[in-house]
Amino acid sequence: MKPIVTRFPPSPTGFLHIGGARTALFNWLYARKTAGKFILRIEDTDAARSTADSVDAIFNALQWLGIDWDEGPYFQTQRKDIYARHIEKLVASGHAYYCSCTPDEVNAMREAARANGLKPMYNGRCRERGLSKSDNTVVRLKTPDTGVTVVEDMVKGDTAFQNAEMDDFIIQRSDGSAMYNLAVVVDDITMGINTIIRGDDHLINTPKQILIYKALDADLPVFGHVPMVLGQDKARLSKRHGAMSVEEYRKMGYLPDAVINYLVRLGWSHGDQEFFTRKDLIEKFDLAHLGRSASMFDMQKMTALNARHIQAKSAQELAPALLPLLKDQGIAAEDDTFTHKVIETLQPRSKTLVEMAASARFYYVDAPELDEKAAAKFLTPDTAGILTRAADAIESLTDFTQENLEAVFKKIMADCDLGFGKIAQPLRVAITGTTVSPGIFEMLLALGKDKTVYRIRRALSIIASGSS
RNA sequence: GGUCCCAUCGUCUAGUGGUUAGGACGCCGGCCUCUCACGCCGGUAACCCGGGUUCGAAUCCCGGUGGGAUCACCA
């Protein structure tokens with residue numbers, strides 16, 4: 001059996017959006033799953049809209065997602081000779097012909113057809129004229145007038161198109177450049193691509209492409225047209241309509257593994273499983289379970305998945321992605337061991353890395369910024385006694401362990417006849433400045449004895465000065 | 001408008017003739033508990049409509065409705 005060869009052919013006319021990423025993912029996953037090959041091809045023939053920045057943005061986004069390619073990137077603008085050669089071959093074999101009709105003339109034909117209630121099409125005027133190449137001639141493919149072209153699609157099933165519905169479409173412009181359908185097919189043939197997974201907006205192009213394959217006497221690839229991704233308003237997600245770049249998700253603190261997991265599940269399923277590691281996906285992805293209907297992008301669900309991936313990672317894995325976010329706040333987290341402990345306390349309560357970075361702030365500042373309401377409620381003369389006892393007892397500990405800390409608090413609880421909550425909240429505010437934080441013990445242990453005592457003493461001095 | 005695609009809880013989906021229609025996100029309760037989370041338990045909520053086929057349809061067929069894609073010397 002021949003190895004699977006797939007591809008992802010973005011147009012560099014903007015950032016890589018979520019829908020494009022999903023298509024890339026499906027192709028990549030299928031190649032990896034089958035130990036095949038995944039090729040990247042940049043379709044940059046639209047000179048007016050293609051930019052080098054977009055090319056970089058696409059590379060960066062794919063790299064961030066962990067989608068690597070085995071071959072390429074190829075650039076269509078560098079393959080003009082190849083297209084020209086194939087077009088000449090088609091003309092020579094009688095499958096295509098030169099046409100000298102001007103755009104105005106073709107428009108007139110379309111209008112005329114429309115006026116007669118017919119489909120607006122080029123009428124084939126130059127088809128048998130035997131014209132040769134000259135300025136302003138285009139090349140058209142001679143398409144059958146009768147019969148049907150059937151697209152055998154892995155996800156949509158068989159779809160039949162009437163050949164009579166297709167006109168002799170242009171494959172080469174008057175300036176000699178190749179049109180999209182021709183370039184794609186020639187690329188796919190010459191690159192050995194045998195499996196094409198793409199958006200179902202291409203389904204209607206497919207019969208035209210099949211005709212080109214046949215005219216070129218090439219084997220047909222396997223097609224799979226996946227449905228579009230819709231935005232919250234149920235409108236199709238596109239670059240100009242609410243589709244965020246994958247770069248945006250990185251900035252918002254999403255993990256690439258979570259984005260991949262979410263994207264793949266949007267239109268593919270494996271029974272009831274929701275959480276997938278990258279390894280799972282490569283192992284389990286298949287074409288048979290691709291969905292046939294469009295799906296709506298749901299940020300909340302992706303966020304929930306992100307939280308699960310954050311929990312599933314180790315602090316060591318998370319740290320490199322968190323550090324820049326800390327740096328944005330002016331925090332230079334230099335002590336890796338400390339940062340790893342910090343991360344561990346925050347993992348179960350962070351849905352995104354951005355959230356985690358914000359929650360981590362109090363660990364790194366010299367003294368926490370006090371929340372006014374929290375301080376007013378918990379840093380009072382009433383709690384000063386408890387805090388003093390805590391500071392003294394903790395300071396005298398030779399081993400700063402959870403066991404010893406528990407003993408310290410147990411004693412205060414007994415001496416003052418208080419529940420743990422009465423001690424924990426003032427302490428929490430003293431340490432973090434707010435009433436919300438990781439658990440007392442894990443937090444203190446991460447922070448260490450000196451900083452703990454320092455912060456409690458500082459809170460006490462604030463109480464003493466009556467400034468809260 | 002022509003052509004083509006699609007249709008299960010609000011959302012993502014499982015389901016391939018016989019299920020109390022399952023899971024996940026969200027939402028609502030409860031438990032756990034030093035706060036917030038996590039976790040756990042429970043609840044809310046769906047087969048677009050109408051015809052067939054069949055002993056029996058979410059599943060098969062036809063029609064309707066609704067949504068989407070596409071109709072270029074763009075990709």
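Just so we're clear, the structure is a prediction, and the values are computed from it rather than from any experiment. Proteins come first, then strands; the chains are lettered A, B, ... in the order of their sequence lines, and each starts at number 1.
- A/Tyr249 and A/Tyr254 have perpendicular rings, their planes meeting at more than 60° on a 0 to 90° scale where under 30° would count as parallel.
- For B/G1, the paired base is B/C71 (Watson-Crick or G-U wobble, both distances below 3.5 Å).
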N/O to N/O distances under 3.5 Å, protein versus nucleotides 57-62 of chain B:
none

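- Using a 4.0 Å heavy-atom criterion, one finds that A/Gly267 contacts the sugar-phosphate atoms exclusively.
- Taking atom P in both B/U13 and B/A7, one finds a spacing of 11 Å when rounded to whole Å.
- Taking a pair to require two hydrogen-bonding distances under 3.5 Å in either a Watson-Crick or a G-U wobble arrangement, B/C31 pairs with B/G39.
- Each of B/C5, B/A75, B/C12 was ranked by its minimum atom distance to the side chain of A/Leu266; first place goes to B/C12.
- A donor-acceptor contact under 3.5 Å is formed by the side chain of A/Lys301 with the base of B/C12.
- Regarding A/His202, its NE2 atom lies at a distance of 10 Å from the P atom of B/C71, rounded to whole Å.
- For A/Glu165, taking side-chain heavy atoms from C-beta onward, the closest of the listed nucleotides B/C73, B/G2, B/U70 is B/G2.
- The separation of B/C4 from B/G42, taken at their C1' atoms, amounts to 46 Å, rounded to a whole angstrom.
- Comparing the P positions of B/C28 and B/G67 gives an interatomic distance of 32 Å, to the nearest angstrom.
- Taking the side chain of A/Met296 as heavy atoms from C-beta on, and the options B/C5, B/A75, B/C12, the nearest nucleotide is B/C12.
- Across residues 427-447 of chain A, A/Arg428, A/Thr435, A/Val436, A/Ser437, A/Pro438, A/Gly439, A/Ile440, A/Phe441 each have a non-hydrogen atom less than 4.0 Å from an atom of RNA chain B (numbered order).
- Rounded to whole Å, atom P of B/C71 lies 13 Å from atom CG of A/Leu203.
- For A/Glu43, the side chain to side chain contact (heavy atoms under 4.5 Å, CB included) partners at least two apart in sequence or on another chain are A/Pro9, A/Ser11, A/Arg41, A/Gln76, A/Tyr180, A/Val184.
- Figure legend. B/A7 is base-paired to B/U65; pairs are counted as Watson-Crick or G-U wobble with both atom distances under 3.5 Å.
- Shown here are the side chain to side chain contact (heavy atoms under 4.5 Å, CB included) partners of A/Ala21, two or more places apart in sequence or in another chain: A/Leu16, A/Leu65, A/Val246, A/Leu263.
- Minimum atom distance to the side chain of A/Arg265 is reached by B/G23, of the listed B/A7, B/G26, B/G23.
- For A/Tyr363, there are no ring pair (Phe, Tyr, Trp, His ring centres under 6.0 Å) partners two or more places apart in sequence or in a different chain.
- Note that CD of A/Glu442 is 8.0 Å distant from OG of A/Ser437, once rounded to the nearest 0.5 Å.
- Checked against B/A72, B/G23, B/C34, the side chain of A/Glu274 finds its nearest nucleotide in B/G23.
- Atom C1' of B/C12 sits at a distance of 16 Å from the matching atom of B/C27, rounded to the whole Å.
- A distance of about 24 Å separates the P atoms of B/G68 and B/C62, rounded to the whole Å.
- Between the CE atom of A/Met166 and the C1' atom of B/U70 there is a distance of 13 Å, given to the nearest Å.
- Here the shortest heavy-atom pairing between A/Arg140 and A/Cys99 reads NE-SG, 3.4 Å.
- Comparing B/G2, B/A7, B/C25 by their closest approach to the side chain of A/Arg292 singles out B/A7.
- Evaluation of the side chain to side chain contact (heavy atoms under 4.5 Å, CB included) rule for A/Pro73 yields A/Leu40, A/Ile42, A/Phe59, A/Trp69, A/Phe75 as partners, not counting sequence neighbours.
- Nucleotide B/U53 forms no Watson-Crick or G-U wobble pair with any nucleotide shown, as no partner meets the under 3.5 Å limit on both distances.
- In this structure A/Phe378 satisfies the ring pair (Phe, Tyr, Trp, His ring centres under 6.0 Å) test with no other residue, sequence neighbours excluded.
- If you take atom P in B/U3 and the same atom in B/A14, they sit 30 Å apart, rounded to whole Å.
- The side chain of A/Val138 lies closest to B/C73 when the candidates are B/C73, B/U13, B/C34.
- Nearest heavy atoms, A/Leu90 versus A/Ala215: CD2-CB, 3.5 Å.
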Do any N or O atoms of the protein come closer than 3.5 Å to N or O atoms of nucleotides 63-66 of chain B, and which pairs are they?
none

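- In terms of position along RNA chain B, the nucleotide closest to A/Trp268 lies nearer the 5' end than the nucleotide closest to the other residue of the pair A/Ile170 and A/Trp268.
- Here B/U59 sits opposite no nucleotide as a Watson-Crick or G-U wobble pair (both hydrogen-bonding atom distances under 3.5 Å).
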Per-nucleotide protein contact string for nucleotides 37-43 of chain B (B base, S sugar-phosphate only, - none; heavy atom under 4.0 Å)
BS-----
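- Residues A/Ile193 and A/Pro221 approach most closely at O-CB, 3.9 Å, considering heavy atoms.
- When all heavy atoms of A/Ser100 and A/Cys126 are compared, the pair lying nearest together is N-SG, 3.5 Å.
- Taking A/Arg308 as the reference, nothing meets the salt bridge (Lys or Arg N to Asp or Glu O under 4.0 Å) condition, with sequence neighbours excluded.
- The side-chain tip of A/Lys301 does not point at the ring of A/Tyr262 from less than 6.0 angstrom away and within 45° of straight on.
- Atom CD1 in A/Ile386 sits 11.5 Å away from atom CD1 in A/Ile456 (nearest 0.5 Å).
- For A/Lys313 and A/Asp257, the salt-bridge test passes: some basic side-chain N is under 4.0 Å from an acidic carboxylate O.
- B/G22 and B/A46: their P atoms are spaced 11 Å apart (whole Å).
- Within the structure, every side-chain polar atom (N or O) of A/Ser295 is placed at least 4.0 Å from both OP1 and OP2 of B/C12.
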Cut-off 3.5 Å, no hydrogens considered: what does the side-chain donor-acceptor table look like for residues 414-423 of chain A, sequence neighbours left out?
| unit_1 | atom_1 | unit_2 | atom_2 | d |
| --- | --- | --- | --- | --- |
| A/Asp415 | OD2 | A/Arg389 | NH1 | 3.1 |
| A/Asp415 | OD2 | A/Lys411 | NZ | 3.0 |

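- Among the nucleotides B/G22, B/A69, B/A75, the one closest to the side chain of A/Gln76 is B/A75.
- Look at B/C47: it lacks any Watson-Crick or wobble partner with both distances under 3.5 angstrom.
- Contacts of A/Phe400 classified as ring pair (Phe, Tyr, Trp, His ring centres under 6.0 Å), with partners at least two apart in sequence or in another chain: none.
- Between A/Arg22 and A/Asp200, it is A/Arg22 whose nearest contact on RNA chain B lies nearer the 5' terminus.
- In this structure, A/Thr45 reaches the B/A75 phosphate: one of its side-chain N or O atoms is under 4.0 Å from OP1 or OP2.
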